[in-house]
Amino acid sequence: MLDIRLIRDNPQAVKAALARVGDTTSVDSILELDARRRTLVGEIEAMRSERNAVSKAVPSIKDPAEKQAKISEMRALGDRLALLEKEGAEADRVFETAMLSIPNMPSEDTPDGADDSANVVAGEFGTRPEFAFQPKTHWELGESTGLIDFERGTKISGTRFYILKGELARLQRALISFMLDVHTREHGFIEVYPPFMVKEHCLYGTGQLPKFGENLYHDAEEDFWFVPTAEVPVTNMYRDEILDNATLPLVHVAYTACFRREKMSAGKDVRGIKRGHQFDKVEMVAFVRPEESSAMLMRLMESAEHILDRLGLPWRRLQICAGDLSFTAAAKYDLEVWAAGCGEWLEVSSISNFRDFQARRAGIRFRRNAGDKPEFVHTLNGSGLALPRIMIAILENYQTGDGRIRVPEALAPWMGGTSVIGPG
RNA sequence: GGAAAGGUGACCGAGUGGCCGAAGGUGCUUGCUUGGAAAGCAAGUGUAGGGCAACCUACCGGGGGUUCGAAUCCCCCCCUUUCCGCCA
């Protein structure tokens, strides 16, 4: 959520910023709603003030007739007030919903561009593997080795579900432990294991609601929503809190399964394990002082890149242009890994600086010094990393040609020394 | 799922219709004291909205109701704790 004061005081600047993400109408309409709301607030508060003053005086009025007259007067005022309050509440509700529907403003250093074709490749790292044979796709390898059971996955849960088996299931488990261990022991992040289901208000806090509910799963009978990313529960851990300045910057790392309806992308990426309704991810979530968020974005990005390097995977860094930013992000980088079998760059991490956009929604603040007014923190997050596509990259890049797959050296301690998986 | 007891400021904890934005304590900040520190003493210490200065308004789990007036009374809901049941 943007700061309404900023919009009021600098409407043209906000308008210009929002135009970069393709939003050209929000500012004018929000200013109208704000003006209307404030007019009502003024009227309502004046009436309340009068009522409070008179009510306070009522017990000391001696003359019974005069006392009764005042009470009647206040009763009438109360009736008028009730109507106005109803109107005010509705104006507030409309205003709030509109505020929650305005996207974040892009950072100054975010490049212009209308869509993903304008994203900037900001570096390519590692070496793409070369093969003396035609490399197979991961779905071919998965089936030929028996390490992925697509048929039974769809049998029990439908399309876009699969079952990892044997050494590949173990590989994913090893990857999760490896990532968590590197992030906690080498990068100094604090591990948390959050709930995979949250209350609705959490989705408002991080920005999935009210606009993107169609991508979420939720329980029909109770207020439980399946998390689409660990960002949701971990960011909301501190909702409505005033954090101690000494705890900042605070970085958590969490493993969760993620659940997404992926309604929008039906028909795309249907082969293999690239895009499912359920996938695993290790996520980094940071809470920092405003002046620290740009540096933290870099730190999170480097932490994710470190994992890719350790796994010996070829990858590239993309700076996301304004038009391709997600709703909540002010700045964003994607990391993509090269998958030799399907010959594609696969997004394995998205690192975003939300600045105070989520913090304002979720009420996450800190106090610089005792006695100071609370300020909103800046929040950031980044995948570190998404598991299925890392699995794809390992399967396809580390295939040996005889139907087997080498295990990246860095994973050896987490794989009990197993260096090759597959039949034979 | 059943029963009971509770949800008040950073924390503990008073408060059953107006004198309560809320006693008292703890914590925190500042000052005094001290060679320094602890202890002690004194003062200060919620958030948000509107005017943006004085000031006004709202908030005592959430929502609704009664009333001239509600933290205090009524209704609904949520949550927590304990016991029972069920389970991993």
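Chain letters run A, B, ... following the sequence lines, proteins first and then strands; every chain starts at 1.
- Residue contacts for V58(A): at a heavy-atom cut-off of 4.0 Å it reaches a base atom on one of the strands shown.
- With G18(B), C79(B), U47(B) as the choices, the nucleotide that has an atom nearest any side-chain atom of K199(A) turns out to be C79(B).
- Across the interface with RNA chain B, nearest-nucleotide mapping of G78(A) and E50(A) shows E50(A) to be the residue nearer the 5′ end.
- In this model, the phosphate group of A48(B) is not approached by any side-chain N or O of R360(A) to a distance below 4.0 Å at OP1 or OP2.
- Remark: the separation of the P atoms in C78(B) and G63(B) is 15 Å, to the nearest Å.
- Using a 4.0 Å heavy-atom criterion, one finds that D244(A) contacts no nucleic acid atom at all.
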Intra- and inter-strand pairing of RNA chain B, written as dot-bracket with Watson-Crick and G-U pairs under 3.5 Å and | for the latter, reads ((((((((.[[[..)..(.....]]]((((((.......))))))(((((....))))).[[[[[..)....]]]]])))))))....
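- Nearest-nucleotide assignment on RNA chain B puts the 5′-proximal partner with V41(A), out of R51(A) and V41(A).
- Look at K15(A) and D23(A) and you find no salt bridge, because none of the NZ, NE, NH1 or NH2 atoms lies under 4.0 Å from a carboxylate O.
- Residue K373(A) is classed as a sugar-phosphate contact, given heavy-atom separations below 4.0 Å to backbone atoms only.
- Below 30°, between 30° and 60°, or above 60°: for H218(A) and W225(A) the angle between ring planes is below 30°, a parallel geometry.
- Distance CG (D92(A)) to C1' (C59(B)): 14 Å, rounded to an integer number of Å.
- For R5(A), the side-chain atoms get nearest to G50(B) when compared with the rest of G50(B), G46(B), A58(B).
- For E45(A), the listed nucleotide lying nearest its side chain is U57(B); candidates were G18(B), U57(B), G46(B).
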